[in-house]
Chemist: 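After the structure tokens below, expect a handful of questions from me.
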Amino acid sequence: MEHYIDQWKTIIAAHLRTIADKKGIVDFSLTLNDIIAEKPPKPELGDIGFPMFAFAKQFRLSPAQIASEVAQSEQLLKDENEKRDWPGNLKAVGPYLNVYLERTRAVTFLLSNAANPDWGSSAVFSGRKVMIEFSCPNTNKPLHLGHLRNNVLGESLSRIMKAAGAEVKKVNLINDRGVHICKSMLAYLAYGEGRTPEDEGLKSDHFVGKYYVLFNKLKEEDPQAEQKAQELLQKWEAGDPEVIALWKKMNDWAVDGIMETYRRQQVSFDEYHFEHETYKLGKKEVLEGLERGVFYRGEDGAIWIDLEDLGLGKKVLLRKDGTSIYITQDIGTAIMRHESWPFDQLIYVVASEQQYHFKVLFEVLKRLGYDWASSLYHLSYGLVNLPTGRMKTREGTVVDADDLIDELARLAAVEIAEKGRADAVGDIQSVAGQIALGALHYYLLQISPAKDMLYNPEQSLSFTGDTGPYIQYMGARASSILRKHDQGEGNAAQGIPKANLLSSDADWPLVRTLMELPSIIEESAKGKDPSILAGYAHAVASEFSAWYRDNPVLINEDPNLSASRLALVRAVKSVLMRASELLCVPFLEAM
RNA sequence: GCGUUCGUAGCUCAGCUGGAUAGAGCGACGGACUUCGAAUCCGUAGGCCGCAGGUUCGAGUCCUGCCGGACGCACCA
């Protein structure tokens, strides 16, 4: 079914064309995009508002005149309403044309569709293959708060794109080689004495991270440490069996631990790429580009690209000794990915500090002649800071991902106990864990990706306001009402839902908000911005909360009223479940 | 210095391609539990939208300059 806003845009457009004809304007062209639809500031003003300013000049009429003329001719076509999916009345209010939707039709539509668990999905991206790269951890230390933002952004965006019809492939490039991991190895050789994570009772990635930190100590004791790390890297690249064995052991520890964190965070990947397998890719491409004159060899022997014309300066693509650097690898990886799975779009979820890198990368691929280079997209997100300042490894102000989730879960468990909900929720540990994830994920997604954000531990732990737990709570309340009905409470079972019983001014704001789910999902997908959906989820929860306070659901004099309201609660639950799922906020039947 | 980006209520943030009286949440203050779970709800206070120009019928939104913050400007990743 056509979206209600689009349908009314079409109607308005037809009327505007009629006016243009009457005025004898020959070169009048109009697309639906030229018509702006907005939500009137007050509900009394209608459900959709169309400002007419834009057409005033061409028609040589005041916006108000245009509005009233359209409204009048719409009156003459009243019988058309019967044929429309979204009937309604058009009214001129000053320079605005406002639509009042026929409420019973809208309610009927909502009730018959919202129960479908797939409702809200759209087809805007259907048939499109979208690859999304995110997380991409280093294997020398555990994940921290910044990774959590990256992970949840990538996971949520993947789910949203899928809901918008795309075929999605989630990929993760594990940075498992390089001098950083050699430092952990070196420190382990110096202080590890062959111990294992089990010996020290540490999660395996934390164990590796501990030695990475210990490298700082090693540097103080051994001024040659940095150089030794480089030597170790060279041995690794030469395939020294002992070095490889150690690398593999430590790498497995790190990766195993990181995977464990993914499971806890409930994010997953369809494909893993490992840097030790990909780091040599791209060299051939760069050399071919050199032959074709896309790149040039500098006096220093390295291969360069000149991007001065774009204001991006000059950039090395391959070292003079022929070895790859970061960007060489990314060139090769992108090509390899497109060959194995010809995507229509590849989205890199990577922090904003790498904007320059991706500009260069995309330009290089374009100049190499890959037409799909224009479909590469860097979803740049801002850094996560703390109220106390920036996270710094050296200052020990990094918030560890596992520790944070533990702490949130612990506090949620305390809260459950204090509220006396222990018996009602059953498995406290499990529910507390879900609340922790809801709190964390919602907090991270609520803010537009591009912005740097402040992670306020105190506020993220707050269970009131614009938070994940609030949304979970409203979902649990809706579930609770439905559960009570299933257990035989109330008289809804004796009635049948009637759309006209849900069309009052008290119901309408909630109904209208619920109807917006499909367009919100579409908007989030197009903008690659889960925060739009997060704001919507909060609006639904908040409107539901106000509505059920004033409107008893289970028992009413008229059983039909109970049945109708119960159906609306079902729609609320369905919409909250869908939004929660897309936001990686676990839905809870009880909390 | 150059580039990118941000600057909206005490705090954290919304405000879509310019459009109707700039909105939430937190915090503050005042109310609401014999009634589907008060982790809730209702109300009040709080803003020269960084500053100054410009474009427009109309600017928080676009352009220019300035001020302030963040990030980048490696043969690191």
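Hydrogens, waters and symmetry mates play no part in the numbers below; they use all other heavy atoms, side chains included. A, B, ... follow the sequence lines: proteins, then strands. Residue 1 opens every chain. Just so we're clear, the structure is a prediction, and the values are computed from it rather than from any experiment.
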Chemist: Just how far, in rounded Å, is P of B:G15 from CD of A:Gln446?
Modeler: 12 Å
Chemist: Using a heavy-atom cut-off of 4.0 Å across all strands, would you classify A:Ala539 as base, sugar-phosphate, or nothing?
Modeler: nothing
Chemist: Taking only the P atom of each, what is the distance from B:G1 to B:A45 in whole angstrom?
Modeler: 46 Å
Chemist: A:Tyr470 OH to B:C13 P: how many Å, rounded?
Modeler: 21 Å
Chemist: Would you call the rings of A:Trp236 and A:Trp247 parallel, tilted or perpendicular, where under 30° means parallel and over 60° means perpendicular?
Modeler: perpendicular
Chemist: Any base atoms under 4.0 Å from A:Pro469, or only sugar-phosphate, or nothing? Heavy atoms, all strands.
Modeler: nothing
Chemist: With sugar-phosphate meaning primed atoms plus P, OP1 and OP2, does A:Lys320 contact a base, only sugar-phosphate, or nothing at under 4.0 Å between heavy atoms?
Modeler: base
Chemist: Atom CG of A:Asn551 to atom C1' of B:C36: distance rounded to whole Å?
Modeler: 12 Å
Chemist: A:His357 and A:Tyr326: aromatic ring centres closer than 6.0 Å?
Modeler: yes
Chemist: Please confirm whether the shortest side-chain N or O distance from A:Arg549 to OP1 or OP2 of B:A32 is below 4.0 Å.
Modeler: no
Chemist: How far does the P atom of B:U5 sit from the matching atom of B:C63, given to the nearest Å?
Modeler: 10 Å
Chemist: Just to confirm, is there a sub-4.0 Å distance from OP1 or OP2 of B:A38 to any side-chain nitrogen or oxygen of A:Lys419?
Modeler: no
Chemist: Show the numbers, then the answer: is there a side-chain contact (heavy atoms from CB on, under 4.5 Å) between A:Tyr442 and A:Gln472?
Modeler: CA-CA 10 Å; A:Tyr442 187 86; A:Gln472 291 176 311; over 6 Å; no
Chemist: Is the base of B:C33 syn or anti, if syn means a glycosidic angle within 90° of 0?
Modeler: syn
Chemist: Does the pair A:Glu589/A:Lys573 count as a salt bridge with the N-to-O cut at 4.0 Å?
Modeler: yes
Chemist: Taking for each residue the nucleotide of RNA chain B bearing the nearest heavy atom, is the 5' side occupied by A:Ser448 or by A:Ala476?
Modeler: A:Ser448
Chemist: For A:Thr323, does its backbone N or O pair with a side-chain atom of A:Asp321 as donor and acceptor, under 3.5 Å?
Modeler: yes
Chemist: How would RNA chain B look in dot-bracket form, 5' to 3', counting Watson-Crick and G-U wobble pairs with both distances under 3.5 Å and writing | for bases paired to another strand?
Modeler: (((((((..((((.....[...)))).(((((.......))))).....(((((..]....))))))))))))....
Chemist: Check every strand shown and say whether A:Leu554 touches a base, only sugar-phosphate, or nothing at a heavy-atom separation below 4.0 Å.
Modeler: base
Chemist: Do any N or O atoms from the side chain of A:Ser156 and from the backbone of A:Leu153 form a donor-acceptor pair under 3.5 angstrom?
Modeler: no
Chemist: Cation-pi check, A:Lys528 to A:Tyr377: give yes when NZ or CZ is under 6.0 Å from the six-membered ring centre and within 45° of the ring axis, no otherwise.
Modeler: yes
Chemist: Mind calculating the distance between CZ (A:Arg421) and P (B:U40) to the nearest angstrom?
Modeler: 13 Å
Chemist: When you check the phosphate oxygens OP1 and OP2 of B:G7, does a side-chain N or O of A:Lys451 lie under 4.0 Å from one of them?
Modeler: yes
Chemist: Report the distance from atom CD of A:Glu589 to atom C1' of B:C36, rounded to the nearest whole Å.
Modeler: 16 Å
Chemist: Looking for any heavy atom pair under 4.0 Å, which part of the strands does A:Ile416 touch: base, sugar-phosphate only, or nothing?
Modeler: base
Chemist: Rounded to the Å, how far apart are A:Asp452 CG and B:U12 C1'?
Modeler: 14 Å
Chemist: Could you tell me whether a side-chain N or O of A:Gln65 sits under 3.5 Å from a main-chain N or O of A:Ser62, the two making a donor and an acceptor?
Modeler: yes
Chemist: Using a 4.0 Å heavy-atom cut-off across all strands, classify A:Tyr356 as base, sugar-phosphate, or nothing.
Modeler: sugar-phosphate
Chemist: Within the side chain of A:Thr328, is there an N or O that forms a donor-acceptor pair under 3.5 Å with the backbone of A:Ile325?
Modeler: yes
Chemist: Judged by each residue's nearest nucleotide on RNA chain B, which is more toward the 5′ side, A:Leu312 or A:Ile481?
Modeler: A:Leu312
Chemist: For atom C1', what is the distance between B:U56 and B:G10, given to the nearest Å?
Modeler: 36 Å
Chemist: Measure from NZ or CZ of A:Arg177 to the centre of the six-membered ring of A:Tyr279 and say whether it is under 6.0 Å with the direction within 45° of the ring axis.
Modeler: yes
Chemist: So which nucleotide from B:U40, B:C71, B:C16 ends up closest to the side chain of A:Ser545?
Modeler: B:U40
Chemist: When every nucleotide of nucleotides 19-27 of chain B is labelled 5' to 3' by its protein contacts under 4.0 Å (heavy atoms), B for base, S for sugar-phosphate only, - for none, what sequence of letters results?
Modeler: BBB--SSS-
Chemist: Looking at every strand, decide which applies to A:Met591 at a 4.0 Å heavy-atom threshold: base, sugar-phosphate, or nothing.
Modeler: base
Chemist: Check whether any side-chain nitrogen or oxygen of A:Ser352 sits under 4.0 Å from OP1 or OP2 of B:A70, and answer yes or no.
Modeler: no
Chemist: For atom C1', what is the distance between B:U40 and B:U55, given to the nearest Å?
Modeler: 49 Å
Chemist: What does A:Asn456 touch in the nucleic acid at a heavy-atom separation under 4.0 angstrom: a base, only the sugar-phosphate, or nothing?
Modeler: nothing
Chemist: What nucleotide, of B:C13, B:U4, B:C75, holds the atom closest to the side chain of A:Asp300?
Modeler: B:C75
Chemist: Quick one: is B:A74 close enough that its OP1 or OP2 comes under 4.0 Å of any side-chain N or O from A:Lys315?
Modeler: no
Chemist: Taking CD1 from A:Ile435 and P from B:G37, how many angstroms apart are they, rounded to a whole number?
Modeler: 17 Å
Chemist: If you apply the rule side-chain contact (heavy atoms from CB on, under 4.5 Å), what do you find for A:Ile174 with A:Tyr272, and how did you get there?
Modeler: CA-CA 7 Å; A:Ile174 310 271; A:Tyr272 291 92; 4.0 Å; yes
Chemist: When all nucleic acid strands are considered with a 4.0 Å heavy-atom cut-off, which category describes A:Gln355: base, sugar-phosphate, or nothing?
Modeler: sugar-phosphate
Chemist: Answer with base, sugar-phosphate or nothing: what part of the nucleic acid does A:Glu418 contact at a heavy-atom distance below 4.0 Å?
Modeler: nothing
